[in-house]
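Read the structure below first, then the notes.
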Amino acid sequence: MFETLLLNFLFLLFPVLIYLIFFENRSRAYNKAALVLLSTVTMFLCLSTPIEMKLGFNFDLRYIPFIIVALYGGHKYVFPLYIVLNLYRFYIGGEGTFNSFLMSTVVFILVPLLHKKFIQYNTRERISCVVIINFINMGVYIILLSTYFETLTSEFWQIAFHAITTHIGMSIILMILIEQIIANLKNRERFLQSERLNVVSELSASVSHEIRNPLTVTSGFLQLLNKSKTITSDEKRYIQLSLQELNRAEQIVSDYLSFAKPQSENMVYSNFETETEYTKNLIIPYATMHQVDVQYSFNNHLNTRYDRNQLQQCLINLYKNGIEAMKEKGGGTLVINISEKKQSIIIQIRDTGIGMTKEEIARLGKPYFSTKEEGTGLGMLMVYSTINKVKGNIEVDSEKGKGTTFNITIPVTQ
Ligand code: ADP
Ligand code: MG
């Protein structure tokens, strides 16, 4: 019995290992298909290698991959597993085929209903969730099984005990591994993003510094030239235009600089009220110009440390993007909502604009990504960099054509 147990453990580890070695670096859609296929194979192997007990009775671990895929993937991804499970079970046939069909159908319908909630849980809650569902599942199974026995002997209880502890033990180990892989992937992504930020901000700091000097000199001489009495009015107009364009260039350069500025200059310990009020008032004329209605609510008592200028710039960038997304739809509503939850400050910015596709969301915050004709693709980079510095987290929820919601969670520091 111990050998089969180990064998089953190996089967369960198989998708995790293969995934780690071969698939970790590929694109997401490809990964999901591979994971479902691997889990199907695992379930098949578990089914064909049941753990045999005395009394001629045996149980297998088919529901462990089944439940895990159902929770992480939902109905769509667990469907192949459901089909394979029942095809195989019908192929073996015998007593209990129909019961197995009923049970798997119930699990197939009910468990994926938790999928949406499940993926929002944190690691510990997810592990508990899998364990509890496995426990309930085995409980039901054992109750069904007890109807086959006339008297519940101690051997029956022994089987029940083994079945439940094996399921729980295996699912805990498996879940810890899966969650660790997910955490590693996320960490790497975060690390890459902060590397990108570093490169861009160092580069931009040095470049914009170098460019600012010639700009100032040129604009100084042009101003002098402008005062000359010997030039024609046409020439004066050209000079004026050049000065305007130089101003614009200078504006862009100072945007770069504000982005690259190190954190330390304007540190405050506060609750965001001043900054959110100020930036909201600043953006209202721009919103009105584009028929955008601004709804603002503030309800936060928690304080934290942050750079005032950077936070303001970050908020303006987010508001501007929201308004620009609605501009193309001829207006809409920008909802700004600051609240507190546990030990975090939540900033929610919601627009009813053009929204983004999944690919666009994934590229958000990468340098120079812009879908606008005059866009710089630096606004969101600055947003991510600022939120990164206060150890916050940005969650983007967007639907093409419907609108976008940014949920920013910032943990408070003492
Ligand atoms: P820019 O605004 O100069 O294009 P950003 O870094 O601010 O650069 O934004 C990058 C891109 O992200 C935008 O071009 C746009 O496609 C997308 N984006 C950002 N915010 C939103 C939003 N609220 N709604 C729709 N698309 C958005
Ligand atoms: Mg922008």
Side-chain angles (χ1 to χ4, degrees), residues 122 186-187 189-202 204-205 208 251 253-284 286-287 294-323 334-351 364-367 376-397 404-414:
N122 64 30
K186 277 194 181 150
N187 277 340
E189 190 51 43
R190 203 173 301 151
F191 176 73
L192 280 177
Q193 175 74 7
S194 76
E195 269 304 288
R196 258 182 237 127
L197 288 173
N198 277 344
V199 171
V200 173
S201 62
E202 268 170 38
S204 58
S208 40
Q251 190 56 48
V253 168
S254 40
D255 275 358
Y256 263 102
L257 267 181
S258 81
F259 163 69
K261 248 183 239 155
Q263 189 177 26
S264 69
E265 292 173 41
N266 267 293
M267 295 305 282
V268 289
Y269 183 74
S270 175
N271 70 344
F272 290 176
E273 184 156 18
T274 329
E275 296 76 21
T276 50
E277 280 278 343
Y278 173 75
T279 48
K280 177 208 58 169
N281 291 333
L282 209 68
I283 207 80
I284 279 183
Y286 186 62
V294 179
Q295 285 174 14
Y296 173 79
S297 73
F298 186 93
N299 188 8
N300 167 44
H301 302 96
L302 299 171
N303 287 330
T304 189
R305 273 182 77 75
Y306 55 92
D307 184 305
R308 171 163 284 160
N309 284 349
Q310 285 190 353
L311 184 81
Q312 284 175 352
Q313 186 66 49
C314 161
L315 290 170
I316 290 173
N317 288 349
L318 285 165
Y319 300 164
K320 258 187 74 186
N321 280 345
I323 294 169
L334 180 73
V335 180
I336 305 164
N337 202 331
I338 297 95
S339 57
E340 58 186 281
K341 188 180 171 193
K342 288 182 194 159
Q343 282 298 297
S344 298
I345 303 171
I346 317 269
I347 304 177
Q348 187 184 65
I349 297 164
R350 193 166 68 229
D351 67 60
L364 211 56
K366 306 229 160 87
T376 56
L378 289 171
M380 285 309 295
L381 183 67
M382 198 267 159
V383 169
Y384 275 89
S385 131
T386 308
I387 301 303
N388 236 355
K389 279 182 195 159
V390 290
K391 308 232 163 12
N393 178 41
I394 304 180
E395 214 176 276
V396 190
D397 201 3
T404 308
T405 307
F406 285 92
N407 275 311
I408 302 174
T409 314
I410 300 167
V412 299
T413 47
Q414 297 309 313

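Note that the coordinates shown come from a computational prediction; the quantities given were computed from them, not determined experimentally.
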Close side-chain approach of [X] and [Y], heavy atoms under 4.5 Å:
| X | Y | value |
| --- | --- | --- |
| Asn300 | Glu273 | no |
| Phe272 | Leu302 | no |
| Thr274 | Arg308 | yes |
| Ile345 | Glu340 | no |
| Val383 | Gln313 | no |
| Met380 | Asn321 | yes |
| Tyr319 | Val294 | no |

Taken in chain and number order and not counting sequence neighbours, the residues that satisfy ring pair (Phe, Tyr, Trp, His ring centres under 6.0 Å) with Tyr278 are none
With sequence neighbours left out, the residues meeting ring pair (Phe, Tyr, Trp, His ring centres under 6.0 Å) with Phe406 are none
### Donor-acceptor under 3.5 Å (Asp351 side chain, Thr404 main chain)
yes
Subject >> Under 3.5 Å: donor-acceptor pair, side chain of Asn303, backbone of Asn271 >> reply: yes
Distance, nearest 0.5 Å, that separates [atom1] of [X] from [atom2] of [Y]:
| X | Y | atom1 | atom2 | answer |
| --- | --- | --- | --- | --- |
| Ile336 | Gln295 | CD1 | CD | 10.0 Å |
| Arg190 | Tyr384 | CZ | OH | 12.0 Å |
| Asn317 | Leu378 | CG | CG | 9.0 Å |
| Ile410 | Thr304 | CD1 | OG1 | 7.5 Å |

Only residue of Glu395, Gln348, Arg350 satisfying side chain to side chain donor-acceptor pair (under 3.5 Å) with Asn407 is Gln348
So which atom in [X] and which in [Y] form the shortest heavy-atom distance, rounded to 0.1 Å?
| X | Y | result |
| --- | --- | --- |
| Pro411 | Gly392 | CD-CA, 3.9 Å |
| Glu275 | Val268 | OE2-CG2, 4.3 Å |
| Ser344 | Thr409 | CB-CG2, 3.6 Å |
| Ile387 | Cys314 | CD1-SG, 4.0 Å |
| Ile323 | Ala287 | CD1-CB, 3.8 Å |

Evaluate Val396 against Leu364 for side-chain contact (heavy atoms from CB on, under 4.5 Å), listing each step before the verdict.
CA-CA 9 Å; Val396 190; Leu364 211 56; 4.1 Å; yes
inquiry  = Please determine whether the number of non-hydrogen atoms from other residues, nucleotides or ligands lying under 6.0 Å from atom OH of Tyr269 exceeds 12.
reply    = yes
Review point. Are Ile408 and Leu318 close enough, and set up right, to give a side-chain contact (heavy atoms from CB on, under 4.5 Å), and what steps lead you there?
Key: CA-CA 11 Å; Ile408 302 174; Leu318 285 165; 3.6 Å; yes
Quiz item: Are Thr386 and Tyr306 linked by a side-chain donor-acceptor pair shorter than 3.5 Å?
Solution: no
(message) Would you say Asn337 and Ser297 are linked by a side-chain donor-acceptor pair, where the criterion is simply a distance under 3.5 Å?
(response) yes
Between Thr276 and the options Leu311, Ile338, Asn281, the side-chain contact (heavy atoms from CB on, under 4.5 Å) test singles out Ile338
Contacts of Glu277 meeting salt bridge (charged side-chain N to carboxylate O under 4.0 Å, His left out) (sequence neighbours excluded), chain-then-number -> Lys280
